[in-house]
Amino acid sequence: MTKPLMSVKDLTIQFRTDEGIITTVNEISFDIAPGEVLGLVGESGSGKSVSAKALMRLNAGNAIYGPKSSIVLNLDDGPVDVLALRREKDMQVVRGGAVSMIFQEPMASFAPAISIGDQMVEQLLVHTNMSKKEAREHSIDMLARVGISEPSKRIDQYAFEFSGGMRQRAMIAMALSTSPKLLIADEPTTALDVTIQAQVIDLMKELVDEYGMGILFITHDLGVIAQTADRVAVMYLGNVIETGEVRDVIRHPSHPYTKGLLNAIPHLHDLDRPLTPVPGDIPSPLERPTGCVFHTRCAYAIPGKCDREIPSPNTMSPGHTSACFVAKEIHNNEAEAVA
Amino acid sequence: MTSSTHISVKDIGVHFTLGRRLIGKPPVLRAVDGVSLDIPKGCFFGLVGESGSGKTTLGRAMLKAVPITTGHIKYDDGDVQYDIATIGKDELKDYRSRAQLIFQDPYAALSPRMTVRDIIAEPLEVMGITKTREETDNRVREIAAKCRLNLEHLRRFPHAFSGGQRQRISIARALVCEPKFIVADESVAALDVSIQADILNLLKQLQQDMDITFLFISHDLSVVAHTCDHVAVMYLGRLVETAPTRSLFNAPRHPYTKALLSAIPSLDPDDAGRAQRLSGEIPSPANPPDGCRFHTRCPHAREKCKIDVPKWRQMADEHFVSCHYAEELAEASEPVPAG
Ligand SMILES: Nc1ncnc2c1ncn2[C@@H]1O[C@H](COP(=O)(O)OP(=O)(O)OP(=O)(O)O)[C@@H](O)[C@H]1O
Ligand SMILES: Nc1ncnc2c1ncn2[C@@H]1O[C@H](COP(=O)(O)OP(=O)(O)OP(=O)(O)O)[C@@H](O)[C@H]1O
Ligand code: SF4
Ligand SMILES: [Mg+2]
Ligand SMILES: [Mg+2]
């Protein structure tokens, strides 16, 4: 068995706020192998982005990592204990060196007063041995590969002169230009039309095949997950509630939240079907539910059990687990909704 | 739809001058280049298209948030009538309370130094709609609850929120002064499909209850299909097709619209093959191709397409398209792929 590229264990992330300490990620674990694409989906606000930022140590100053948390990056010249990195200089390896990130907020990741090209070149000068001229040529080449027309002109423009989708593509080009070992892609294709999205996804897959790059792919688009990821992890309120191979999870969802999520997807072939959200209100982060985090909205919840005991991951098939007391029944389509 | 026209766009052009570093006449980028469309009152009007095709710019022109280079926009909500292209200062102030934007990028849109309460309250206070603080607070709490925001979050600053939470803050801010016309730019793109369904149901409900007219800009065709009454498709600054939603999705006439529909990623991991990849160069809006602007990527392009600009023609009831071979291609058309 090859060592995973990135190994996350019992990661807990809390934030100190005026209202007290809030837990946003609660003992989650996952591995990413070289050349593997792990999809991360889940509720908005469930902790996907803060987990991703933890891998690069980019969370705000009020973040607290739990004592058991561990993030290990296995590189050719040995493992890096990411959470133990103290000096800014040492963190370079996870910030554009071996690990590169495509951020959810494209506007925030380009400095407004510096041209796109200067930022791309600067990044290459820091992380590679390229000369300035090579860096510029490589940057133009990368912009062309993500479908920016006339890249040698566009490279000297500023972020505000690009449309939302072009900014996102420029950011993808910048993140991929250093050929990272691990790419963290947070909603990388949301702002793109589907024809260009397909092109960008093809490019990412090429780099996976070419360099064995691993990808943590965060998105709300389950179709994109189905077409790109090998495995998927589903998050709800800071917990990974289900994980497994993409086929298994999409065909046999085994957690009520995953089922609800799949049921909420709008389908083109059935326009008369009303859009069906997961019922109920999202709990406040200050008051995490006791027992199973999903019980306040779950149609299968067993009173007296789900609101008291915490379900541990149940194995459905090799690699496919669901943290739910009725996971087996849901997996086999035998469960009946109570509410 | 039988109701009256709320917004009538006539031959609108928005041109940006790309000046820097060039000698002689600066190049002009025609982000919107001669677009005409009518939006009936109370309509949920969808705008889809390539990224960079000018959707945001067109939406902003309708709100007088970018300088309009050519053409007219007639606004008539029953109470007032304006030509947005030539609107005066006092009238513009009134128009601002009638027409609102929900931003594409919630990160850039929210001021980091204001609490969520103040962000939502700002339009009310700036326009002097509410008289007392209590009245303002009530309006804010009401709309925040409708947008599924936790009331205890109102005292927080936006940096502490996830992408989806911020998007709901933007929506609440746009709705708080009960506008007549809303431009929603990628307003549900950052949400998980469950909250997305919830917000879309909310927007549809508000459209019916308050008779709001929406311009709904989105890359997600399934979402557009489920929510919009009428759809326009843009490519490189121009409209290529407009039709009632069902007509567009059941019988798309323009090759670009067809490519969009076939590139929607399938939820079935084993169904990758059907997507029709567009090849060919993505042209620059600063230097659009002659003839049909889509010809460099169109799988059906012939000699005529490189020379003659296709006319805007009616194909069916309220269904318009600009392609030389639309009739021919319509006959050869296959049904819509399963979403
Ligand atoms: N600096 C911070 N201080 C306090 N709370 C924070 C901070 N940063 C993030 N949070 C909270 O952490 C939670 C998780 O946020 P995160 O951005 O990871 O969500 P997400 O899963 O990426 O959601 P989305 O899909 O909407 O992007 C949210 O409730 C958010 O309010
Ligand atoms: N202030 C500006 N100065 C110069 N060019 C601009 C400016 N704003 C927009 N553009 C250009 O106008 C074109 C249309 O941009 P717009 O943002 O309207 O596209 P869009 O259809 O909304 O794209 P997306 O789907 O990516 O958001 C793009 O080529 C963009 O680079
Ligand atoms: S006019 Fe020609 S190039 Fe344009 S879309 Fe139609 S077939 Fe393609
Ligand atoms: Mg996020
Ligand atoms: Mg836009």
Side-chain angles (χ1 to χ4, degrees), chain A residues 15 17-19 41-45 49 60 104-108 147-150 153-154 156 161-166 168 187 190-199 202 220-224 226-227 246-247 250 260-261 264-269 271 274-278 281-282 284 286, chain B residues 18 20-21 48-52 56 104-105 107-108 148 150 152 156 159-165 186 189-198 200-201 219 221-223 225-226 246 249 259-261 263-270 272 275 277-278 281-284 286-287 336-339:
Chain A
F15 287 100
T17 71
D18 293 345
E19 299 112 62
V41 302
E43 192 176 45
S44 164
S49 295
Q104 192 174 3
E105 53 270 51
M107 201 52 193
I148 302 240
S149 56
E150 299 188 90
K153 278 190 199 146
R154 287 251 154 186
D156 292 318
E161 294 171 305
F162 277 36
S163 77
M166 286 159 59
Q168 210 164 23
E187 301 278 2
T190 317
L192 305 178
D193 77 72
V194 283
T195 67
I196 293 171
Q197 168 171 289
Q199 195 179 333
D202 285 350
H220 289 303
D221 189 329
L222 290 141
V224 169
Q227 294 304 320
V246 163
R247 276 177 192 75
I250 287 186
L261 206 56
I265 300 174
H267 290 280
L268 259 191
H269 60 255
L271 296 185
L275 297 174
T276 337
V278 176
D281 286 331
I282 303 149
S284 149
L286 291 170
Chain B
L18 303 175
R20 269 184 333 275
R21 289 183 211 187
V48 302
E50 228 213 341
S51 59
T56 297
Q104 177 170 11
D105 185 350
Y107 290 88
R148 312 282 188 271
N150 278 318
E152 57 264 47
R156 285 212 211 160
H159 69 84
F161 291 94
S162 75
Q165 289 167 324
E186 299 287 355
L191 303 174
D192 69 71
V193 285
S194 166
I195 297 181
Q196 177 179 291
D198 204 21
L200 290 172
N201 288 341
H219 281 300
L221 296 155
S222 318
V223 163
H226 270 271
R246 277 177 201 253
F249 286 95
L260 275 183
L261 287 172
I264 297 172
S266 161
L267 252 187
D268 179 353
D270 296 316
R277 289 284 191 275
L278 288 178
E281 202 197 334
I282 301 169
S284 157
N287 186 17
V336 183

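Side chains included, hydrogens not; waters and symmetry mates left out as well; all remaining heavy atoms used. This is a predicted model, so every value here is computed, not measured. Chain identifiers are assigned alphabetically (A, B, ...) following the order of the sequence lines, protein sequences preceding nucleic acid strands; residue numbering begins at 1 within each chain.
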| query | chain A heavy atoms under 4.5 Å from B/Leu200: which part of the residue, side chain, backbone, both or neither? | reply |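 Contact with chain A is through the side chain of B/Leu200 alone.
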
Task: chain A contact via B/Asn201 - side chain, backbone, both or neither, heavy atoms under 4.5 Å - done: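 Looking at B/Asn201, just its side chain touches chain A.
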
Self-check item: Validation row: A/Gln199, A/Leu192 side chains within 4.5 angstrom (heavy atoms)
Solution: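 Contact flag for A/Gln199/A/Leu192 side chains = no.
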
Sequence neighbours excluded, which residues qualify as side-chain hydrogen bond (donor to acceptor under 3.5 Å, both in side chains) partners of A/Asp202?
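Checked A/Asp202 against side-chain hydrogen bond (donor to acceptor under 3.5 Å, both in side chains); matches are B/Arg277.
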
Checklist entry - Is it the case that B/Asp268 and B/Ser266 place a side-chain donor and acceptor less than 3.5 Å from each other? => result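 Absent: no donor and acceptor within the cut-off.
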
Using heavy-atom distances under 4.5 Å, tell me whether A/Thr276 contacts chain B through its side chain, its backbone, both, or neither.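 The answer is the backbone of A/Thr276.
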
Toward chain B, the part of A/Ile250 with a non-hydrogen atom under 4.5 Å: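 Only the side chain of A/Ile250 comes within 4.5 Å of chain B.
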
Among A/Gly223, A/Gly42, A/Gly260, A/Gly147, which residue forms the greatest number of heavy-atom pairs with chain B at distances under 4.5 Å?
->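 The candidate making the most pairs under 4.5 Å is A/Gly223.
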
For the pair B/Leu191 and A/His220, evaluate side chain to side chain contact (heavy atoms under 4.5 Å, CB included) and give the outcome as yes or no after the intermediate values.
CA-CA 7 Å; B/Leu191 303 174; A/His220 289 303; 5.6 Å; no

Please list, chain by chain and in numerical order, all residues satisfying salt bridge (charged side-chain N to carboxylate O under 4.0 Å, His left out) with A/Arg154, sequence neighbours excluded.
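A/Arg154 satisfies salt bridge (charged side-chain N to carboxylate O under 4.0 Å, His left out) with no other residue.
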
